[in-house]
There are 2 protein chains.
Amino acid sequence: MTLISSLADHIERYIKALLDQTEQRSLEIRRVELAELFECVPSQINYVLKTRFSNERGYIVESRRGGGGYIRIIRLEPRHRRDICTWIYETVGDSIEAEEAEGLLAQLLDHDHLSRKDAVVIRSLLTQETQGLEKTLANRARAVLLRSMLLLLLHGS
Amino acid sequence: MTLISSLADHIERYIKALLDQTEQRSLEIRRVELAELFECVPSQINYVLKTRFSNERGYIVESRRGGGGYIRIIRLEPRHRRDICTWIYETVGDSIEAEEAEGLLAQLLDHDHLSRKDAVVIRSLLTQETQGLEKTLANRARAVLLRSMLLLLLHGS
DNA sequence: ATACAGATGGTCAGTAAAGGTCAAACAGAA
DNA sequence: TTCTGTTTGACCTTTACTGACCATCTGTAT
């Protein structure tokens, strides 16, 4: 992973480690406590949740305010191997934004359906082949490419 | 080419030395730091990356802006594999006919750079994604797809 | 019930900290 | 000269982080 890390990266890793460690599907935290642990303002936690634990990336975040408030982070269940192709077709569709594509890759990575190396190559090729294209066109090209590359890899093993 | 090595050459050698030295296949740098080290403007680093660490040469460069930003340089494959990648870039080009593509696949199969199964999937995807397109367009789409899929397989584990 | 207080978390806009782009100037070789 | 590759700097985009202010929940006193 990254050697150079921002605070947000550290918090992200910490939360993911907790999720892995507890073998639970979900995890509850108190915003202030996490903020104190990392010596930052509480809103930093929201930033991390928003950017790293989005729905796109396969997480659901629930929370409650007031006394006894909490933030619950839920990692969505990985798809079964068999269903993944269908899911990819649905998610990618005819057109996909760069951010959505990244979310999809992140999710596949999270659940070990994709190697880090393959993800890196896919990202690079997507960027390379869509740069300079007009947005609508880029989104279509990205969809075709992403779909093909993922299906190719999944059919392989 | 200048007799005396240009600054860009020095930076290139420095980065390659770091890659060799660390035995890693990737390396992270901070653009400003490298620029300070070589006493040049930061954009000089971009120039070096663009001209010396391109995809065609077997490297992938990822980066992130903002606080805690970085540039990651990944060396994908040893020399001979990189040569194959270069050859693929040249052979496929911007546009490729179906028969040419088939010839390329056959050659890669012959030399065991491609499994039979992968070839089957690639053929299927190429057909599926280009059918119905006007010929010129189909040839372009085929080129982009073929290139991406082959490079992905060759770079992957 | 109502009202208030304390305890949480949420939002948003502003600032800072990276890296990216592009075109013009420059330098060497043919 | 002319062509190609190098170097620079002004300006742009993205990401991270903070803090002031807002919304919501619980509990308790009236």
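Chain letters run A, B, ... following the sequence lines, proteins first, then strands; residues in each count from 1.
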Touch class at under 4.0 angstrom, heavy-atom based, for B:S43 against every strand present: base
Salt bridge B:R82-B:E77, side-chain N to carboxylate O under 4.0 Å: no
Exam field: side chain B:R81 to backbone B:L154, donor-acceptor pair closer than 3.5 Å: yes
Close approaches to DNA chain C from residues 30-37 of chain A, in residue order (heavy atom, under 4.0 Å): A:R30, A:R31, A:V32
For atom CD1 of A:I45 and atom C1' of D:dA16, their distance in whole Å: 13 Å
Donor-acceptor pair between A:Q24 and A:S26 side chains, under 3.5 angstrom: no
Euclidean distance, atom CD of residue A:E62 to atom P of D:dT24 [Å, nearest integer]: 17 Å
Side-chain N,O (A:Y47) to OP1/OP2 (D:dC17) below 4.0 Å: no
Distance, rounded to the nearest Å, where B:I29 contributes CD1 and C:dG19 contributes P: 8 Å
5' priority, DNA chain C, between B:G67 and A:Q131 [closest heavy atom]: B:G67
Quiz item: A:S63 side-chain donor-acceptor pair to C:dG9 base, under 3.5 Å: no
Earlier contact from the 5' end, DNA chain D, for A:V41 and A:G66: A:V41
Selection from C:dG10, D:dA16, D:dT6 that lies nearest to any side-chain heavy atom of A:I71: C:dG10
B:D9 CG - D:dT7 P separation (whole Å): 8 Å
Nearest to side-chain heavy atoms of A:A8, which nucleotide of D:dC25, D:dT6, D:dC17: D:dC17
Side-chain donor/acceptor of A:R147 to backbone N/O of A:G93, under 3.5 Å: yes
B:R75 (side chain) donor-acceptor with B:G58 (main chain) under 3.5 angstrom: no
Proximal nucleotide (of C:dT11, C:dT21, D:dC25) relative to the B:N46 side chain: C:dT21
D:dA23 phosphate, OP1 or OP2, under 4.0 Å from A:R64 side-chain N/O: no
Sugar-phosphate only, base, or nothing, as touched by B:R52 at under 4.0 Å among non-hydrogen atoms: sugar-phosphate
Between D:dA16 (P) and A:K50 (NZ): distance, integer Å: 12 Å
Most 5' of B:L7 and B:G68 on DNA chain D, judged by nearest nucleotide: B:L7
Test item: B:S43 side-chain N/O and B:N46 main-chain N/O as donor-acceptor pair under 3.5 Å: no
Whole angstrom value for the distance that separates P of C:dC26 from CD of B:Q44: 16 Å
Sidechain-backbone polar pair: B:D9 side chain, B:S6 backbone, donor-acceptor under 3.5 Å: yes
Test item: A:T127 side-chain N/O and A:R123 main-chain N/O as donor-acceptor pair under 3.5 Å: yes
Interatomic distance where CG belongs to B:L49 and P belongs to D:dT7 [whole Å]: 14 Å
Rounded interatomic separation in angstrom, taking CD1 from A:I73 and C1' from C:dG9: 13 Å
Pair of N/O donor and acceptor under 3.5 Å linking D:dT13 base with B:R65 side chain: yes
